[in-house]
Amino acid sequence: MRTPILSYPTHAHGRRETSPATKAGTVTGWSSRAAFIAAAVGSAVGLGNIWKFPYMVGANGGGAFVILYLAMVLLVGLPILIAELGLGRTGGAAVTRTFGRIAHELRGGHLWNAVGWLGAATAILILSFYSVIAGWALAYAWRFSLGSLQGLAAEDYSARFDALLASPAEMIFWQLVVLGAAAFVASRGVRAGLDRAVRWLMPVLAVLLIGLGIYAAIIGDAAAALHFMFTPDFSALTPEVALSAAGHAFFTLSLGLGAMIAYGGYVAEDVAIPRAAGWIALFDTLCAIAAGMAIMPIVFGFGLDPAAGPGLVFVTLPVAFGSMPGGALVGTLFFALLVVAAMTSIFALIEPMAASLADGEADRRKWVIRLTALTAILGLISVFSFNIWSDVRPWGEDKTLFDWLSYLTTEVSLPFGGLCVAIFIGWVAPRKTMEHMFDSHFAFKLWLLSIRYVSPIAVIAVFTHLTIG
Ligand code: PHE
C-alpha cells in the first residue's frame with residue numbers, strides 16, 4: 001500500500017531536493033536504488049567497523065558484546081535509520097530545513113531545525129578527527145607499500161606509531177591528502193561525485209575485506225577468532241558496556257547527525273525505505289563481523305593481545321604484517337581497505353552541512369571547499385592533542401582534547417540527535433509523513449512502537465547512566 005509521496009511546500013515552490021530531479025540541466029540524486037544502498041552502506045561502513053568494532057569486542061568480553069551490539073542495532077538503530085531516511089526523503093536533504101518543512105503546520109515547528117544544525121555541526125567536528133585517523137591509515141598503507149615496515153622488532157612497531165603521533169607535520173600532511181580527495185569527489189555533486197565514487201569503491205571494499213578474511217583464516221588461528229567473537233561471556237556485560245554498545249550502534253549506522261537524512265533526501269520515490277534500511281543495517285553489521293574475522297585470526301595466530309584498544313590496528317596488527325609471508329602486500333591492502341572505508345564515510349560527514357548551505361549542486365564546490373578548509377583547521381585540535389597539546393587536559397587528567405572531542409560528539413551528541421529524531425518523527429511530525437512508506441500496516445505499527453517508546457527509552461537510559469552512573 002504505497003501511495004504517492006506527500007506534497008510539502010518546498011515542492012510546491014518548485015525546489016525539489018527529494019528525488020533525482022533535473023535542475024538547470026544537472027542531474028541530482030542517486031542513479032539507482034543500488035547506488036543509494038551502496039552510498040549508505042559506504043557511509044555506515046567506516047573506521048567504526050574496521051578500527052573500532054574489533055577493539056571494542058576485544059575489550060568488552062567478546063561474544064557477549066557482539067550480542068548486545070546486535071540487539072542495539074536492531075532495537076535502537078534500525079528504527080531510527082528508517083526515520084532518518086524517511087525524514088530526508090520527505091523534507092529534503094538540507095538537514096537544517098527538513099524538520100521545519102515537515103512540521104510547518106505546527107506553531108514553532110521550525111525550531112526543530114535546531115536539531116539539523118546541531119547534527120550538521122557535529123558531523124564537521126567528527127570529521128575533524130575522523131580524517132586524522134584516516135590519515136594514519138593512509139600513512140600506513142604508504143609505508144607498507146614501500147616495504148619500510150617489514151621485519152622490524154615487535155617493539156619498533158609501537159615506536160613507529162608513537163613517532164607518527166609525535167609529528168604534527170606528518171599527521172597534517174596525511175589528513176590533508178584525505179580531505180583533499182574527499183573534497184574533490186564531494187564538490188562534484190551527488191550524482192557525478194558521490195554516486196560515481198561509491199559505485200566502484202564499495203566493490204573494492206568488499207573484495208579487500210573478503211580477500212583479507214580468507215588470507216587471515218589460512219595464516220592465522222580462525223578457530224580461536226570464532227571462539228572469541230561468538231562465545232559470549234555474559235559476566236563481562238556491565239552498564240558501561242551497554243552504553244558503549246548503544247553509542248557504537250549510532251556511530252556505525254551514521255545516525256544522529258543528519259547523514260542519513262541527507263542521503264535519504266536523494267532517494268527516488270519508488271525505493272522502499274524500510275527495506276533499504278534493513279539492507280543497510282545488515283551489510284554494515286556483516287562488514288563489522290567480517291572485519292573482526294579478518295583481524296582476530298591474525299591476532300590469535302601471532303599470539304597478540306585482542307584487547308589492545310585503539311592501537312590494535314596501528315600497533316598490534318603491523319607486528320603480524322611485518323613478519324608474515326607477503327606481509328607488505330597484505331599490510332598495504334589492509335590499510336587501503338581502511339582508507340576506502342573511511343573515505344566513503346567522510347562523504348557522508350560533509351553532506352549534511354554541504355546540502356544545507358549550498359544552493360543547489362552548482363554552488364556546492366564553493367561550500368565543500370570552505371567546509372573542508374574549516375575541518376582541516378579544526379583538525380589541528382586533534383593533531384596537537386597527540387603532541388604539543390598532550391598535556392592540555394582541561395576537565396580531568398584522563399582525557400585529552402581529542403578524547404573530549406570524540407566523547408562529546410559520538411557519545412553525547414549522536415545519541416541526543418537520535419533521540420530528537422525519534423521524538424520528532426514519533427510524536428511531533430504528522431503520522432502520514434512515514435505511514436505511506438511501509439508495505440504493511442503491521443510493519444508500520446511495529447516501527448511506530450519502536451520509534452515512540454523503545455528507541456527513546458533506550459537512549460534515555462543510556463543518558464541517565466551517563467550522568468548519574
Ligand atoms: N558510520 C561511520 C563509521 O562506522 C562513521 C560515520 C558516522 C559516518 C556518522 C558518517 C556519519 O565509521
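When a ligand or atom number is given, it counts from 1 through the structure's own listing order. In this text the structure is predicted, and so the values were computed from the model without any measurement.
- The ligand atoms of ligand 1 that sit less than 4.0 angstrom from a heavy atom of Leu47 are 12 (O).
- Stacking of Arg364 on the aromatic ring of Trp367 is not recorded, the 6.0 Å distance cut-off and the 45° axial limit not both being met.
- Residue contact annotation: Tyr130 has a non-hydrogen atom under 4.0 Å from ligand 1.
- Atom-to-atom distance recorded for Met434:CE and Ile102:CD1 is 9.0 Å, nearest 0.5 angstrom.
- Given atom 4 (O) of ligand 1, the protein heavy atom at minimum distance is Ala44 O, 3.0 Å.
- In terms of polar-atom proximity, Gly48 is counted as a contact of ligand 1, with an N or O under 3.5 Å from an N or O of the ligand.
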(Q) Between Asn387 and Ser167, does the side chain to side chain donor-acceptor pair (under 3.5 Å) criterion hold? Intermediate values first, please. (A) CA-CA 7 Å; Asn387 35 70; Ser167 164; over 6 Å; no
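- Near Leu257, the atoms of ligand 1 lying under 4.0 angstrom from a non-hydrogen atom of the residue are 9 (C), 11 (C).
- Residue Thr252 approaches ligand 1 through these ligand atoms, each under 4.0 Å from one of its heavy atoms: 1 (N), 4 (O).
- With a heavy-atom cut-off of 4.0 Å, Leu255 does not touch ligand 1 at all.
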Q: Please lay out, stage by stage, how Trp136 and Phe335 fare under the test ring-ring contact (aromatic ring centres under 6.0 Å, His included).
A: CA-CA 9 Å; Trp136 299 346; Phe335 286 102; over 10 Å; no
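- Side-chain atoms of Thr98 come within 3.5 Å of backbone N or O of Gly92 as a donor-acceptor pair.
- Residue Arg365 qualifies as open at atom CZ: its count of foreign heavy atoms under 6.0 Å is 12 or below.
- Nearest protein heavy-atom contact of atom 7 (C) of ligand 1 is Phe251 O, 3.5 Å.
- In this structure, Arg143 forms a cation-pi arrangement with Tyr140, its terminal cationic atom sitting closer than 6.0 Å to the ring centre and no more than 45° off the ring axis.
- Atom 2 (C) of ligand 1 has its closest protein heavy atom at Ser43 O, 3.3 Å.
- Where the criterion is an N or O separation shorter than 3.5 Å, residue side chain and backbone included, Val45 fails it with respect to ligand 1.
- In terms of heavy atoms, Ala83 sits closest to Trp447 at CB-CZ2, 3.9 Å.
- Atoms CH2 and CG, from Trp174 and Leu176 in turn, are 11.5 Å apart once rounded to the nearest 0.5 Å.
- Residue contacts with ligand 1, taken as heavy atom pairs separated by less than 4.0 Å, involve Ser254 via backbone and side-chain atoms alike.
- In summary, the atoms of ligand 1 found under 4.0 Å from a heavy atom of Ser345, numbered by their order in the structure, are 2 (C), 8 (C), 10 (C).
- For ligand 1, none of its N or O atoms has an N or O atom of Leu349 under 3.5 Å away.
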